[in-house]
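The residues of the chain are indexed from 1 along the displayed sequence. In what follows, every heavy atom counts, from backbone to side chain, and hydrogens, waters and symmetry copies are set aside. Order of listing sets the numbers, starting from 1, for every ligand and every atom in it.
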Amino acid sequence: MTGFPLLLDLAGRRVLVVGGGAVATRRVGPLVEAGADVVVVSPSVTDEILALRVQVRPRGFETSDVDGAWLVVACTDSPDTNAAVAEVAAAARIFCVRADQAASGSARVPAVLQRDGLTVSVNGGDDPRRATALRNAISVALDLGELPVRPSRSAVVGEVALVGGGPGDPDLITVRGRRLVAAADVVVVDRLAPRGILDELPDDVEVIDCGKSAHRHNMTQGEINAVLVERALAGKRVVRLKGGDPFIFGRGGEEWLACVAAGVPVTVVPGISSALAAPAAAGIPLTHRGVAADFTVVSGHLDPGRGPDDVVNWPGLAAITGTLVLLMAMDRLEQIAAALIEHGRAPQTPAAVVRRATLPDQQVVRAPLDRIAKAAAEAGVGSPAVVVVGDVVGVLHLDSNDGLQESNTWG
Ligand code: SAH
């Protein structure tokens with residue numbers, strides 16, 4: 001059968017399901033979701049069907065059951081009954097789906113995928129597995145943002161999604177983040193976000209580069225907040241694509257507040273922070289049974305103990321026995337290590353610097369705490385990097401090659 005694909009509006013319309021077993025259960029749910037007035041005819045029905053609170057006629061099929069139905073689904077385990085149901089439906093000019101022998105019915109149910117207002121339905125001729133496989137592949141491609149699903153009409157109300165892009169490898173953004181990027185009208189992107197995924201965007205997507213780095217701010221935070229709000233108020237779907245997690249040293253909270261203050265709907269999509277990804281990518285478990293049961297993540301972008309803005313409790317940090325993770329610490333690594341040692345952390349504590357974690361040019365330098373800054377400087381390893389301090393640095397690293405620079409072992 002070549003067939004003629006249709007999408008049925010079943011809202012409030014009677015659909016007769018003959019059969020009450022596993023196949024019927026799979027059909028009744030989506031029919032109820034489509035708003036159909038479902039009647040199930042079967043001497044026994046599953047608990048799942050009962051839970052859907054549809055009308056059940058607890059007996060065998062009778063010819064008059066098809067009266068008033070727009071569609072009939074025959075899914076008993078008896079081919080004879082299904083054939084009889086299909087025959088009665090045909091006589092009444094009602095389309096009938098047969099679960100046991102699709103080709104003997106007058107309608108087929110495709111493999112379906114519904115997402116964000118899109119419906120994809122696939123029919124594989126007489127091969128339902130083929131249809132399911134293609135449907136699943138489309139589902140994965142949609143998740144990866146590989147298909148052009150951006151709505152052609154602009155949104156009535158714009159919105160902002162603060163999306164954590166992960167540490168840099170484009171494979172390490174979440175499925176939801178990737179999907180939102182694929183559907184965006186505007187992407188406002190940071191330097192450390194996974195920029196690779198932007199290459200796939202259509203030309204008419206506006207990409208605004210904040211060029212955010214420790215030393216060079218192309219846009220101030222105020223300007224970034226303003227552009228997010230302005231584009232959203234113009235009805236655009238705005239993705240703020242950030243490195244790592246939006247709410248970890250990312251000023252995502254400020255962007256959130258700016259959107260709320262302007263009445264712009266805003267959501268946040270968590271990302272894998274470099275605080276977690278960089279140690280993992282270097283083979284350093286942040287906790288390890290018998291070695292460390294806690295870890296602390298700290299920003300090192302202020303001089304230890306200098307100035308009223310330094311809210312980091314360095315003596316307290318030096319006293320903890322767990323793992324210490326430092327972000328934005330490369331400019332002051334010497335002073336930070338000295339402060340930790342001064343307040344009691346052992347100079348021999350293993351430490352590591354992981355630069356450009358998860359990217360093809362990732363570098364790792366390991367050395368004891370009192371020598372880590374010098375070792376990194378000698379290896380030419382600077383920002384952006386995550387510093388890890390604690391005995392966990394050595395647990396998976398059996399060769400002792402302190403101070404040596406490692407090549408990328410990632411990917
Ligand atoms: N929100 C981000 C952090 C932003 S602050 C997150 O959750 O990861 C910027 C700092 O993050 C850099 O100075 C560096 O310390 C760290 N960083 C970000 N990406 C990194 C990467 N791929 N490798 C190593 N450090 C990284």
> Taking side chain as C-beta onward, heavy atoms only, is Pro384 less than 4.5 Å from Arg355?
Replying inline: yes
> So which protein heavy atom does atom 3 (C) of ligand 1 come closest to, and at what separation?
Replying inline: Ile248 O, 3.5 Å
>> For the CG atom of Leu162 and the CH2 atom of Trp256, what is their distance to the nearest 0.5 Å?
In response: 7.5 Å
> Considering Ser274, Ala278, Gly165, which one's heavy-atom position lies nearest to atom 20 (C) of ligand 1?
Replying inline: Ser274
> N/O to N/O below 3.5 Å, does that happen between Met328 and ligand 1?
Replying inline: yes
> Taking atom CD of Gln101 and atom CG of Asn82, what is their separation to the nearest 0.5 Å?
Replying inline: 8.5 Å
> Between Ser273 and ligand 1, is there a nitrogen or oxygen pair with a distance under 3.5 Å?
Replying inline: yes
> Around Arg289, counting heavy atoms of other residues, nucleotides and ligands shown, do more than 12 lie under 6.0 Å from its CZ?
Replying inline: no
> Do any nitrogen or oxygen atoms of Ile272 come within less than 3.5 Å of a nitrogen or oxygen of ligand 1?
Replying inline: no
> In terms of residue, atom name and distance, what is the protein heavy atom nearest to atom 2 (C) of ligand 1?
Replying inline: Gly243 O, 3.3 Å
> Taking Asp185 as the fixed residue, which of Lys236, Arg237, Arg231 is the one that meets the salt bridge (charged side-chain N to carboxylate O under 4.0 Å, His left out) rule?
Replying inline: Arg237
> Any idea which protein heavy atom is nearest atom 21 (C) of ligand 1, and the distance to it?
Replying inline: Ala357 N, 3.5 Å
> Rounded to the nearest 0.5 Å, how far apart are CG of Leu241 and CG of Leu198?
Replying inline: 6.0 Å
> Asp245 near ligand 1, heavy-atom distance under 4.0 Å?
Replying inline: yes
> Which heavy atom of the protein is the closest neighbour of atom 14 (C) of ligand 1, given with residue, atom name and distance?
Replying inline: Ala385 O, 3.5 Å
> Quick one: which ligand 1 atoms are inside 4.0 Å of a heavy atom on Leu192?
Replying inline: 9 (C), 18 (C)
> Rounded to the nearest 0.5 Å, how far apart are CG of Asp47 and OG1 of Thr25?
Replying inline: 9.0 Å
> Can Pro167 be said to touch ligand 1, with heavy atoms closer than 4.0 Å?
Replying inline: yes
> Between CG of Leu71 and CZ of Arg13, what distance do you get to the nearest 0.5 Å?
Replying inline: 11.5 Å
>> Working to the nearest 0.5 angstrom, can you tell me the gap between Ser121 OG and Gln114 CD?
In response: 9.0 Å
>> So if I count the atoms of ligand 1 from 1 in the order they appear, which ones are less than 4.0 Å from some heavy atom of Val386?
In response: 24 (C), 25 (N)
> Which atoms of ligand 1 sit under 4.0 Å from any heavy atom of Arg356?
Replying inline: 22 (N), 23 (N), 24 (C)
>> Checking a contact table here: which protein heavy atom is nearest atom 4 (C) of ligand 1, and how many Å away?
In response: Phe249 O, 3.3 Å
>> Within ligand 1, which atoms have a heavy atom of Val354 less than 4.0 Å away?
In response: 24 (C)
> Within less than 4.0 angstrom of ligand 1, does Ser383 place any heavy atom?
Replying inline: no
>> Using a strict threshold of under 4.0 Å (side-chain N to carboxylate O), is an ion pair present between Arg129 and Asp127?
In response: no
